[in-house]
Visitor: 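Take this structure first; my questions come after.
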Amino acid sequence: MVISETVLYSAGADIKNYRPTEFIFNEGEASHYYYQIITGDVKLNNYDPEGKEFIQNILSDGESFGESILFIDQAYPMNAEAMTECSIIRLCKSAFFELMAKFPRMYLEMCQSLSQRLYYKFIMMQNISFQNSAARLTGLMEYLKGSHEDRKPYSFMVPLTRQQMASLTGLCVETTIRTIKTMEKQQIVKIKDRKIYY
DNA sequence: TCATTAAAGTTAT
DNA sequence: ATAACTTTAATGA
């Protein structure tokens, strides 16, 4: 979902800047804002009691977040944490709904955006229940490559660290590394300068 | 098959 | 320099 910045400003939005590792909102809090990233990367995550992170999603420039909970009266089920220096525009709940009411076209786009998120969640849930590390990782890479033009093998550089891939698939880093290595031997991926090409 | 632990090398800040 | 990331190896569920 991308709403033009001018529209957001005239609706009363403001900008907030965040430093890496800073939380934009926390699990358990009530949701009050629609957030849209101007620049930077944000991850939606959870930490289990032992402190191990599970990343729900990673978002970048132009993408929005937090809106899925805006429609219901529920606390956030995850944290939003800045991964880089971030400039984020936010619009409060009431103004957001006024905007949606005023521009049906925008409302439709919002539905499409939510649908897209749901699709991602569904795919990833299936991936993770496929009880085997190689399948989980290919599933993740296949999804990421989906938003990429070139379908050829090795044409897509996975824009994630092994650590992040592990946190997205619920695997541990070491398993991720080993699995990627055997996948390289099987010619499923190529590795160049530590970057993974799929 | 995978997580965990530990130890060490590498890269980024 | 120091933290973050990557890698290898041993061990156990």
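Since the structure is predicted, the reported quantities are computational estimates derived from the model, not experimental observations. So you know, we letter chains A, B, ... as the sequences are listed, proteins then strands, and number each from 1.
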Visitor: Among C:dT7, B:dA3, C:dT6, which nucleotide has an atom closest to any side-chain atom of A:E174?
Guide: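 Ranking C:dT7, B:dA3, C:dT6 by closest atom to the A:E174 side chain puts C:dT7 first.
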Visitor: Could you walk me through whether A:F65 and A:Y35 pass the ring pair (Phe, Tyr, Trp, His ring centres under 6.0 Å) test, one step at a time?
Guide: CA-CA 5 Å; A:F65 60 93; A:Y35 295 92; 5.1 Å; yes
Visitor: Please give, in whole Å, the distance from C:dA3 C1' to A:M83 CE?
Guide: 16 Å
Visitor: Hey, mind stepping through A:Y34 and A:F96 against ring pair (Phe, Tyr, Trp, His ring centres under 6.0 Å) and telling me if it holds?
Guide: CA-CA 7 Å; A:Y34 164 83; A:F96 172 77; 5.2 Å; yes
Visitor: From CD of A:E50 over to C1' of B:dT5, roughly how many Å is that when rounded to an integer?
Guide: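 Atom CD in A:E50 sits about 15 Å away from atom C1' in B:dT5.
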Visitor: Taking the side chain of A:I177 as heavy atoms from C-beta outward, which of B:dC2, C:dT7, C:dA10 is closest to it?
Guide: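 Selected nucleotide: C:dT7.
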Visitor: Any base atoms under 4.0 Å from A:S133, or only sugar-phosphate, or nothing? Heavy atoms, all strands.
Guide: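 Sugar-phosphate: the residue A:S133, judged by heavy atoms under 4.0 Å, touches backbone atoms but no base.
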Visitor: Checking contacts here: which listed nucleotide (B:dC2, C:dT7, B:dT4) is nearest the side-chain heavy atoms of A:R178?
Guide: B:dT4
Visitor: Using whole Å, report how far NZ of A:K195 lies from C1' of B:dA12.
Guide: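 Whole-Å distance recorded here is 11 Å.
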Visitor: Can you tell me the distance, in whole Å, between the CD1 atom of A:I180 and the P atom of B:dC2?
Guide: 13 Å
Visitor: Rounded to whole Å, how long is the line connecting atom CD of A:E53 with atom P of C:dC5?
Guide: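 Nearest whole value for this atom pair: 9 Å.
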Visitor: Whole Å only: how far is the CZ atom of A:R162 from the C1' atom of B:dG9?
Guide: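 Atom-to-atom, A:R162 to B:dG9, this comes out as 14 Å.
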Visitor: List the steps and the verdict of ring pair (Phe, Tyr, Trp, His ring centres under 6.0 Å) for A:F97 and A:Y107.
Guide: CA-CA 9 Å; A:F97 281 116; A:Y107 207 108; 8.0 Å; no
Visitor: Rounded to whole angstroms, how far apart are CG on A:L171 and P on C:dT6?
Guide: 14 Å
Visitor: Strictly below 4.0 Å: does A:K52 bring a side-chain N or O up to OP1 or OP2 of B:dA3?
Guide: no
Visitor: Expressed in angstrom and rounded to an integer, what is the separation of A:I128 atom CD1 from B:dT1 atom C1'?
Guide: 17 Å
Visitor: Hey, do the aromatic rings of A:Y120 and A:Y143 have their centres closer than 6.0 Å?
Guide: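 A:Y120 vs A:Y143: aromatic centres under 6.0 Å.
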